[in-house]
Protein chains: 2
Amino acid sequence: MRGRGPWWQDRLQGMGARITAPRELIIEILHETDDHVSAADVYVRAHQINPSIGLTTVYRTLDMLTQLGIVQKFDFGDGKARYELVNNPNGKKHHHHLICLRCKTIMDYTEFLDEELEFVSKTQGKLSKKYNFTITDHAISFYGLCERCR
Amino acid sequence: MRGRGPWWQDRLQGMGARITAPRELIIEILHETDDHVSAADVYVRAHQINPSIGLTTVYRTLDMLTQLGIVQKFDFGDGKARYELVNNPNGKKHHHHLICLRCKTIMDYTEFLDEELEFVSKTQGKLSKKYNFTITDHAISFYGLCERCR
DNA sequence: TTGATAATGAAAATCATTTTCATTAACTGA
DNA sequence: TCAGTTAATGAAAATGATTTTCATTATCAA
């Protein structure tokens, strides 16, 4: 992160993966984005910069980065997955949503994180011990009816 | 629920929807299931009992029931949505998952619900007031690496 | 520099879900 | 009870996201 080579290259090379132009570009794009983006979003940006990049590669790269734990994949129920760097300096870090069951609007909220942090860290600790699970992130969604729909 | 007619019929008729054989069957199937099922799961069961029912109708009915708040729709990120009756007597009631980022296994956990209940009801109250949102349910997911993958 | 092979991109294939449209059936009013 | 209105249905086609195939290209180790 502050060393010589980009932080993520070690991770790829460590598992025998190669450092390629498409991969560099896709990670760069994720870096300069402060929100969760779809594969198509990434493809559009990537393609502007380097038109030879294909959508297939975007999918494959995002999947690989997810497997590596570098990227987190989200599913909000609207049919397309979203991706975000796990350690994004600009990232929202928390993923909390209010989802309207009727109009399907997804709202982010950022309030009440103090109570939540307390609950999450407690629960996370117990869960990782009990299930031998390394927990890196979480998502909380509340479902219901929004102001306009109820 | 203890009255004469099935509890859900009023809800449908109240919004001008008709009571039909496919709808009755689909709700009955959801009732006797204690887990979240995919549209295809419902279709298979329904089709065994009444082969004239089509997959399209299953999708349409599940969607309508979701809009009505009778059914809750979930997205676990494996490409197919799951559905469950909101007030299912056999239902798990809570939806808490531990999701492995590598092998994509989804585990349910049911521990530590006391702490959670406290947190959820507090947060839920504040959120519904602040956003004017009627909250009916929630889902919490922890992401990481499972025992075998880390 | 070169060879083995991982990575790529275009096109085709998949898979879940939605739309279209002609037919059927539920309810409303007579 | 019956007939007419129209919501609901089902089959097939369409859609849209994601995955697979396969021939070509490019990375990196020797």
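The sequence lines fix the lettering, A, B, ..., with proteins before strands; numbering per chain opens at 1.
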With a 4.5 Å heavy-atom cut-off, do [X] and [Y] have their side chains touching?
| X | Y | answer |
| --- | --- | --- |
| R11(B) | I70(B) | yes |
| V58(A) | I53(A) | yes |
| V42(B) | T33(B) | no |
| M107(B) | I99(B) | no |

Mind listing the N/O atom pairs, protein and nucleotides 15-17 of chain D, below 3.5 Å?
unit_1	atom_1	unit_2	atom_2	d
dA17(D)	O3'	G79(A)	O	3.4

Which class fits the ring pair F142(B) and H138(A): parallel under 30°, tilted 30 to 60°, perpendicular over 60°?
tilted
Relative to the ring of F74(A), is the ring of Y143(B) parallel (under 30°), tilted (30 to 60°) or perpendicular (over 60°)?
perpendicular
Can you check the [X] [atom1] to [N] [atom2] distance for me, whole Å?
| X | N | atom1 | atom2 | value |
| --- | --- | --- | --- | --- |
| D75(A) | dC15(C) | CG | P | 18 Å |
| Q67(A) | dA7(C) | CD | P | 13 Å |
| D63(B) | dA7(D) | CG | P | 17 Å |
| I26(B) | dT9(D) | CD1 | C1' | 11 Å |
| E24(A) | dC28(D) | CD | P | 9 Å |
| L62(B) | dA16(C) | CG | C1' | 13 Å |
| D78(A) | dT18(C) | CG | C1' | 15 Å |
| R82(A) | dT18(D) | CZ | C1' | 15 Å |

Just to be sure I understand the rule, does R60(A) reach a base, reach only the sugar-phosphate, or reach nothing, if contact means heavy atoms closer than 4.0 Å?
base
Which of residues 49-56 of chain B have a heavy atom under 4.0 Å from DNA chain C?
L55(B), T56(B)
Please name all residues satisfying side-chain hydrogen bond (donor to acceptor under 3.5 Å, both in side chains) with T134(A), sequence neighbours left out, ordered by chain then number.
R150(B)
Could I get the full list of side-chain hydrogen bond (donor to acceptor under 3.5 Å, both in side chains) partners for D41(A), not counting sequence neighbours?
S38(A)
Taking the axis from the first five pairs and the axis from the last five, what angle separates them in the helix from dT1(C)-dA30(D) to dA30(C)-dT1(D), rounded to 10 degrees?
40°
Give the minimum heavy-atom separation between D108(B) and Y131(A), together with the two atoms involved.
O-OH, 4.3 Å
Under 3.5 Å, which donor-acceptor pairs do the side chains of residues 13-29 of chain A form with other protein atoms, sequence neighbours left out?
unit_1	atom_1	unit_2	atom_2	d
T20(A)	OG1	R23(A)	N	3.4
R23(A)	NH1	R18(A)	O	2.8

What pairs with [X] under salt bridge (charged side-chain N to carboxylate O under 4.0 Å, His left out), at least two apart in sequence or on another chain?
| X | value |
| --- | --- |
| R45(B) | E32(B) |
| K130(B) | E111(A) |
| R60(B) | none |

Assign a letter to each nucleotide of nucleotides 24-30 of chain C from its 5' end: B, base within under 4.0 Å of a protein heavy atom; S, sugar-phosphate only; -, no contact.
-BBS---
Please name all residues satisfying ring-ring contact (aromatic ring centres under 6.0 Å, His included) with Y43(B), sequence neighbours left out, ordered by chain then number.
H47(B)
So if you build clusters from Ile, Leu, Val, Met, Phe, Trp, Tyr with side-chain heavy-atom gaps below 4.5 Å, do L12(A) and W7(A) land together?
yes
Does any residue of residues 37-45 of chain B have a heavy atom under 4.0 Å from DNA chain D, and if so, which ones, in number order?
none
For residues E116(B) and H96(B), is any side-chain donor paired with an opposing acceptor at under 3.5 Å?
yes
